[in-house]
Amino acid sequence: MQRKQKLELTWIGKEERPKLEPRILLEDPAKSYHAARRVRPDAKLGEPGYPGDLFDNRLIFGDNLLALKALESEFTGKIKCIYIDPPFNTGSAFEHYDDGVEHSQWLSLMRDRLERLRALLTRDGLLFVHLDDCEMAYAKVLLDEIFGRFNYCNTIAMTTNDPSGFKATGATVFSTANYVLVYARDKSTTPLKKVFIEKPYDTAYSKVLADRSAPYTEWSWDGINEVVARELGFDSVRAAKREVGDSFEDEVARFAIRNADRVFQTAAIGGGAAIKRDATIKRSMRERERVFVHPGEDMPDFYILNGRQILFYDKRLLEIDGKRVPGEVVTDVWTDISWNGISNEGGVEFKNGKKPELLIKRVLEMSTSPGDWVLDSFAGSGTTGAVAHKMGRRWIMVELGEHCHTHIIPRLMKVIDGEDKGGVTEATRWKGGGGFRYYRLAPSLLEKDRWGNWVISKEYNAAMLAEALCKLEGFTYAPSDTVYWQHGHSTERDFIYVTTQPLTRDMLAKLSDEVGEDRTLLIMCKAFTGRAGGGAGGFPNLTIKKIPKAVMAKCEWGRDDYSLEIKALPPPTQPEPEAAVDGAPAAATKKPKVLRGSRKPKGDEPGLFPAGAASNGKGASR
């Protein structure tokens, strides 16, 4: 039977997929940070101040692919918005990112991450992928394959640079565009919200009523420029402009907002509205400079002047960032966000890699509400977390580079302490508060001993071992304070017990009795005698697996780096040697591939677990 074909993007190595180890996360309290006091009172959903001070935000230091795998058990289906700004694969080595990754490798590495990011999204969640034109088109096809074309929402275009100076020279048209690809987990949920932005004063609104509270038949008006000139103490508009200069237009704009219910323009009446009011429109055109209302008018504030409808400016004003201003709906072309002057946002410099806080604010306004979870797995300088924090969203950021400590943590501390006065602080009316927990990825569970045998890493204590095996076996880690054999559960009646002790038949019998007939227990242990399952001499409520043998084939062990940096990738493989032809020598033998990040064999004696470690999986600090 012929294989059914499908439209897809193909590349070298597409079928190769990593078998990721689900690492546990270890908190470092010395790097976690929170405000000294509560700044905002806790409030329920819908109440002022919701969600109050947030302390459960997470900053994770480590490879982002491994981190996404680590988050799966807790956050699958819980993230409302994901914004990522991955290396663009332009070949320009930034100070903190080397983004020159060979094309096929870039696609493979992005595919692995995007698949895991999709799994983390809520049903009405959204993914925003920020790229330039080097890989954007390929990423679009890749995302269509992963999310489905139906779930594509928009491609947002932005301008990021000015074509000035030496950058504007070259053989091609100077590029100022960046793009954000927007995908929904399920587009049928209509997850995108309408967002409005401030727009300049519309000079078509050029007339001002003297007193709108008067009967409309007595209304009188004047030009807005003349009214403003008189308010400024000038006899004419020309005198005002000569004295005040360009700021006169600003004065007019401010006056229009303050008096929006009196400022108006007139617009043509068309379609059914014109047919319905035809007689009144014709009379208005004959009796000019008088205001009419059509007899039996059923539309409020439908006034007719000189055959045209009066439109008041207050209908064009919106509440944006706490201010009443003229506004318009955001489109898929964003030219209003300035990238100039952002180098000091957050008090940290991140050459060529920082994004404006206003950009992240808009993304979160379109996709989230206060209290929602936001994820950025390419944290960079920490802009996403800083803005999410100011907007009352919960956030998770992942970063492998050392700038996690030199840039992100200091920036977040300033946000929490209320010392960050830049970016969107004023627009969000941020005063400080909340906190975050700092985590690092645990080392690989297994390592090789001096003889090349896989053994449990000596860096693991009993609690870490129990949590790691819960993740590997699909259990929720929840050690009981009273029942020693309950380290986790998959259902209300299915539990897991992890121990490094060999279990005798008598110990298994005792466990089987305690578990009871209506519950089941998975035991992960070093060795045991007897057997689980049904049959003579078995324990039908127990399933027993030996460690590490039971988990050996589950994933890649000892690999700590799946990063997008070219230096972290295996070197290109050489072609296979060709057979000798007519006596010619064969090609040189291919060198074995070296995988950066693999552990070196330890020089200690073989053993399953460090001597003296507890076996009940409890009591270790993390």
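Numbering starts at 1 and runs along the sequence shown.
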One should read off an interatomic distance between F128 CZ and L364 CG, to the nearest 0.5 angstrom, of 8.0 Å
Residue pair Y183 / I146, side-chain heavy-atom distance below 4.5 Å
no
Any side-chain heavy-atom pair of L20 and L66 under 4.5 Å
yes
Under a 4.0 Å threshold between the charged nitrogen and the carboxylate oxygen, would E357 count as salt-bridged to R411?
yes
May I ask you to say whether D144 pairs ionically with K140, meaning some side-chain N is under 4.0 Å from a carboxylate O?
yes
Nearest heavy-atom neighbours spanning L131 and M136
CD1-CA, 4.0 Å
Is the H389 ring parallel, tilted or perpendicular to the W430 ring (thresholds 30°, 60°)?
perpendicular
Salt-bridge contact K361-D321 (side-chain N to carboxylate O under 4.0 Å)
yes
Can D56 and R394 be counted as an ion pair, charged N to O under 4.0 angstrom?
yes
Any salt bridge linking R23 with D63? Criterion: basic side-chain nitrogen under 4.0 Å from a carboxylate oxygen.
no
Can you name the nearest heavy-atom pair linking L117 to S377, along with the distance?
CD2-OG, 4.1 Å
Just to verify, which of L54, T384, T368 counts as forming a side-chain contact (heavy atoms from CB on, under 4.5 Å) with R393?
T368
Do T476 and C470 come within less than 4.5 Å of each other through their side chains, counting heavy atoms only?
no
Return the NZ to SG distance between K187 and C153, rounded to the nearest 0.5 Å.
5.5 Å
Once rounded to the nearest 0.5 Å, what's the spacing between atom CH2 of W373 and atom SG of C81?
13.5 Å
Other residues, nucleotides and ligands only: do more than 12 of their heavy atoms fall within 6.0 Å of CZ on F55?
yes
Verify whether one side chain among E345 and T383 offers a donor that lies under 3.5 Å from an acceptor in the other.
no
Side chains of S369 and K193: donor-acceptor distance under 3.5 Å anywhere?
yes
How close do G432 and D53 get, counting heavy atoms only, and between which atoms?
O-OD1, 4.3 Å
Would you call E426 and K421 a salt bridge, using N to O less than 4.0 angstrom?
no
Side chains of N259 and V227: closer than 4.5 Å at any heavy-atom pair?
no
Aromatic rings W395 and F436: how do their planes relate, parallel, tilted or perpendicular, breaks at 30° and 60°?
tilted
For L375 and F75, what are the C-alpha separation, side-chain angles and deciding distance, and is it a side chain to side chain contact (heavy atoms under 4.5 Å, CB included)?
CA-CA 10 Å; L375 169 65; F75 284 96; over 6 Å; no
Is the backbone of M464 close enough, under 3.5 Å, to the side chain of N461 for a donor and an acceptor to pair up by distance?
yes
Do NZ/NE/NH1/NH2 and the carboxylate oxygens of K471 and E467 come within less than 4.0 Å?
no
Checking R212 against F312: charged group under 6.0 Å from the ring centre and within 45 degrees of the axis?
yes
Using a 3.5 Å distance criterion without hydrogens, assess whether the side chain of R185 forms a donor-acceptor pair with backbone atoms of L121.
yes
Compute whether any side-chain donor of one residue and acceptor of the other, for T425 and K390, lie under 3.5 angstrom apart.
yes
So if I apply the side-chain contact (heavy atoms from CB on, under 4.5 Å) rule between C404 and each of M397, K31, R440, E399, which one comes out positive?
E399
What pair of heavy atoms forms the shortest contact from S188 to F150, and how long is it?
N-CE2, 3.9 Å
Answer whether the closest heavy-atom distance between the side chains of F61 and Y438 falls below 4.5 Å.
yes
Expected output: side-chain N154 to main-chain I156 donor-acceptor under 3.5 Å
no
For E115, is there an ion pair with R118 - N to carboxylate O distance below 4.0 angstrom?
no
Start with the C-alpha gap between L445 and L465, add the side-chain angles, then the distance that decides, and say whether side chain to side chain contact (heavy atoms under 4.5 Å, CB included) holds.
CA-CA 8 Å; L445 174 63; L465 176 63; 3.8 Å; yes
How far apart are the closest heavy atoms of H130 and D85, and which atoms are they?
O-OD1, 3.7 Å
Using the side chain to side chain contact (heavy atoms under 4.5 Å, CB included) rule, take I409 and Y33 through it: C-alpha gap first, then chi angles, then the decisive distance, then the call.
CA-CA 9 Å; I409 291 179; Y33 192 78; over 6 Å; no
Between D202 and Y313: side-chain donor-acceptor atoms closer than 3.5 Å
no
If I compare all heavy atoms of T122 with all of G77, which pair ends up nearest, and what's the gap?
CG2-O, 3.3 Å
Would you sort out whether Y477 and E74 count as a side chain to side chain contact (heavy atoms under 4.5 Å, CB included), showing the intermediate values?
CA-CA 10 Å; Y477 178 63; E74 183 178 357; over 6 Å; no
Can any side-chain N or O of T160 pair as donor or acceptor with the backbone N or O of T176 at less than 3.5 Å?
yes
Take atom CD of E243 as the centre, draw a 6.0 Å sphere, and report whether it contains more than 12 heavy atoms from other residues, nucleotides or ligands.
no
Between CZ on residue F248 and CG on residue N225, distance to nearest 0.5 Å
4.5 Å
Cation-pi between R437 and Y439: NZ/CZ under 6.0 Å from ring centre and within 45° of the ring axis?
no
Quick one: do R362 and E365 make a salt bridge, cutoff under 4.0 Å?
no
Straight-line distance of E328 CD to L318 CG, nearest 0.5 Å:
10.0 Å
